[in-house]
Amino acid sequence: MLLTSVLYREAEGEVWVSCKIPGKPTIRGSLTSKGISSDEVPEVTASEEFVVQEVTKNRITVSCPGENISCTFLSPYASFSHIHGKNVSYLDISSGGDLGVSSSTDQTFKVWETHNTEVKSVLEGHTRDVFSCKFFPSGQEVLSGGLDSLVKVWSVNDGSCLATMKGHRGSILDIAVVADGQNVISSGQDGTARLWDSAQGACIAVVDDSYSPINAIAVAEVGNAVNLGSPKETPSNREVGTEGKLVVLAREDKSLEGVSLHSRQSVFDFEGSDAFNCCTFISSVGVLAGGLDGNIIHVDIRNPKSAVETVSWSETPVLSLVPFRDTYVASYGNGTCYIPLKGSEQVLQLTGPNRQPVFQVAAWKKLVYTCCRDGFIRKYEIPDLG
């Protein structure tokens, strides 16, 4: 069940709302803002299909009569476009929450301060677009990969390139940091996932080599939850922190595979309904993967033959999935972002983009950041989800 809408921060206007309930006709109606009150709260009414339950300065809660479902629409409390100007394609927030890093299709790649959005350093060295960028746990280095087939490590303080990793035969589609960052992983258009020594810039091993592009990867400690196997050969002494870890590969060919990072052995292989665009761990045994068809698949790695749950908040492609508190944030190709409330039929929708794809989401404590094709980075303060 889901309520969806596109809301704009305007004093007056009308937006359409729809309620999709499996097995029932879609209910459609509208919300109308008639102005802003003296205490800066929008005056919102709903068509007869819906009920407005609560309105505050930055959120509106709407329910569907006769159905146990409600949706809260939350607007950003800050948005800015000066860092790149157009089409922000990726972003991440440091573990301390004080820094952000983002990239754009205009080939700019920058580190900025989250409290005032001032640019701290410009990272120059990739010759083409940067598709993925992530902080190391220390917050002092950034990992990146892009269209030029290169994986790079950068200093946050002065923007210098500390290491460059070469080996992929096509675009880098995703990257991940292992443990404290002595090792990193990359996946590419060439169908390979590679483990690297980040200090030396050397490839330690090809973790997976398939014919299909690996659009996304996620790595996590799973311990004894599943049998990860043992390496057939003695691992390199440059391999650090791979024991007990599983890397999940989300592929273009509709497959979602879990591979032991230490032994390189396949642990599970799940067949989806369409190409997978993104994936993430939501627990040590739970994996989410988002597809081109809009489906989000929840897989338990201990019993991966069938999905625990399949949900669809939109019919457009799922572009990113990020764990958040005890739930997750999902962004879509139509500009919508959803946070389902665990154990209830309630969902929080982040508003702002006007049908422009939200390419990536990052979360830190109670804050969620999004980046969009319209050039804006948006910052949301998420209320208590209890």
Side-chain angles (χ1 to χ4, degrees), residues 83-94 99-112 119-136 141-156 159-178 181 183-198 201-203 206-208 212-219 247 249-252 275-279 317 319-320 322 331 333 357-362 369-373 375 377:
I83 292 178
H84 296 286
K86 68 174 185 178
N87 206 348
V88 187
S89 53
Y90 208 95
L91 89 163
D92 191 29
I93 302 298
S94 66
L99 295 175
V101 62
S102 53
S103 61
S104 169
T105 55
D106 65 4
Q107 298 186 10
T108 58
F109 177 29
K110 302 177 182 181
V111 175
W112 40 274
V119 174
K120 179 179 177 66
S121 55
V122 178
L123 311 180
E124 296 180 322
H126 281 286
T127 58
R128 303 183 74 178
D129 293 352
V130 173
F131 288 161
S132 185
C133 50
K134 295 178 181 177
F135 281 101
F136 281 68
E141 293 88 30
V142 167
L143 182 68
S144 66
L147 190 58
D148 59 6
S149 306
L150 301 177
V151 179
K152 288 178 174 287
V153 179
W154 307 83
S155 167
V156 165
S160 62
C161 182
L162 304 177
T164 297
M165 288 155 265
K166 302 178 181 179
H168 280 280
R169 302 180 302 275
S171 302
I172 309 299
L173 300 180
D174 203 6
I175 50 177
V177 177
V178 180
N183 290 170
V184 298
I185 313 171
S186 59
S187 68
Q189 187 74 28
D190 59 4
T192 68
R194 296 172 180 264
L195 181 69
W196 306 88
D197 178 332
S198 63
C203 183
V206 176
V207 178
D208 185 76
S212 179
I214 303 171
N215 293 328
I217 54 177
V219 63
V247 57
L249 314 171
R251 296 196 183 97
E252 188 72 19
F276 285 112
N277 291 331
C278 52
C279 61
L319 300 183
S320 71
V322 174
S331 73
V358 174
F359 294 117
Q360 186 63 35
V361 174
Y369 295 78
T370 66
C371 64
C372 183
R373 190 169 68 183
I377 294 172

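Computation of the quantities below employed the complete heavy-atom set of this structure, encompassing side-chain atoms and omitting hydrogens, waters and symmetry-equivalent molecules.
- In this structure the side chain of F109 reaches within 4.5 angstrom of the side chain of V142, judged on heavy atoms.
- Contact check for S144 versus H126: side-chain heavy atoms found under the 4.5 Å cut-off.
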Going by atom type alone, with no hydrogens or angles, which donor-acceptor pairs under 3.5 Å involve a side-chain atom of residues 85-93 and a protein atom two or more places apart or on another chain?
from: N87; atom 1: ND2; to: T105; atom 2: OG1; distance (Å): 3.1
from: S89; atom 1: OG; to: S103; atom 2: O; distance (Å): 3.3
from: S89; atom 1: OG; to: S103; atom 2: OG; distance (Å): 3.4
from: D92; atom 1: OD2; to: F135; atom 2: N; distance (Å): 2.9

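- Inter-residue side-chain proximity for L150 and K166 is flagged as met; some heavy-atom pair is nearer than 4.5 Å.
- Under the 30°/60° scheme for interplanar angles, the aromatic rings of H168 and W196 are found to be tilted.
- In this view, S212 and R251, E252, D253 satisfy the side-chain contact (heavy atoms from CB on, under 4.5 Å) rule, not counting sequence neighbours.
- Within the 3.5 Å criterion, the main-chain N or O of I83 finds a donor-acceptor partner in the side chain of K110.
- Within the 3.5 Å criterion, the main-chain N or O of H84 finds no donor-acceptor partner in the side chain of T108.
- Side-chain contact between I377 and S102 is present, with heavy atoms from C-beta onward closer than 4.5 Å.
- To the nearest 0.5 Å, atoms CG (L143) and CG (L162) are separated by 11.0 Å.
- Residues that satisfy the side-chain contact (heavy atoms from CB on, under 4.5 Å) test with C279, not counting sequence neighbours, are A216, A218, V248, A250, L256, A289.
- Within the 3.5 Å criterion, the main-chain N or O of D106 finds a donor-acceptor partner in the side chain of S104.
- Closest of all the heavy-atom pairs between I175 and G145 is CD1-N, 4.1 Å.
- Residues satisfying the salt bridge (Lys or Arg N to Asp or Glu O under 4.0 Å) criterion with D148, sequence neighbours excluded, are absent altogether.
- Applying the side-chain contact (heavy atoms from CB on, under 4.5 Å) criterion to S121, with sequence neighbours excluded, gives V111, L123.
- Put simply, the side chain of I185 does not reach to within 4.5 Å of the side chain of S187, judged on heavy atoms.
- V156 places none of its side-chain heavy atoms less than 4.5 Å from the side chain of F136.
- With rounding to the nearest 0.5 angstrom, the CG atom of L249 is 5.0 Å from the CD1 atom of I214.
- No side-chain heavy atom of K152 sits under 4.5 Å from any side-chain heavy atom of V130.
- Taking CG of D197 as the start and CE of M165 as the end, the distance is 8.5 Å to the nearest 0.5 Å.
- Although no hydrogens or angles enter the test, the distance criterion places a donor-acceptor pair under 3.5 Å between the side chain of N215 and the main chain of F276.
- Taken from CG in L319 to SG in C278, the straight-line distance is 7.0 Å, to the nearest 0.5 Å.
- You'll find the side chain of F131 stays beyond 4.5 Å of the side chain of I172, heavy atoms only.
- Among all heavy-atom pairs drawn from V153 and E141, the shortest one is CG1-CB, 4.2 Å.
- The two residues G170 and S149 make their nearest non-hydrogen contact at O-OG, 2.9 Å.
- For S171 (side chain) and G146 (main-chain N/O), no donor-acceptor pair under 3.5 Å exists by modelled atom type.
- Judged as a salt bridge (Lys or Arg N to Asp or Glu O under 4.0 Å), and not counting sequence neighbours, the contacts of K134 are D174.
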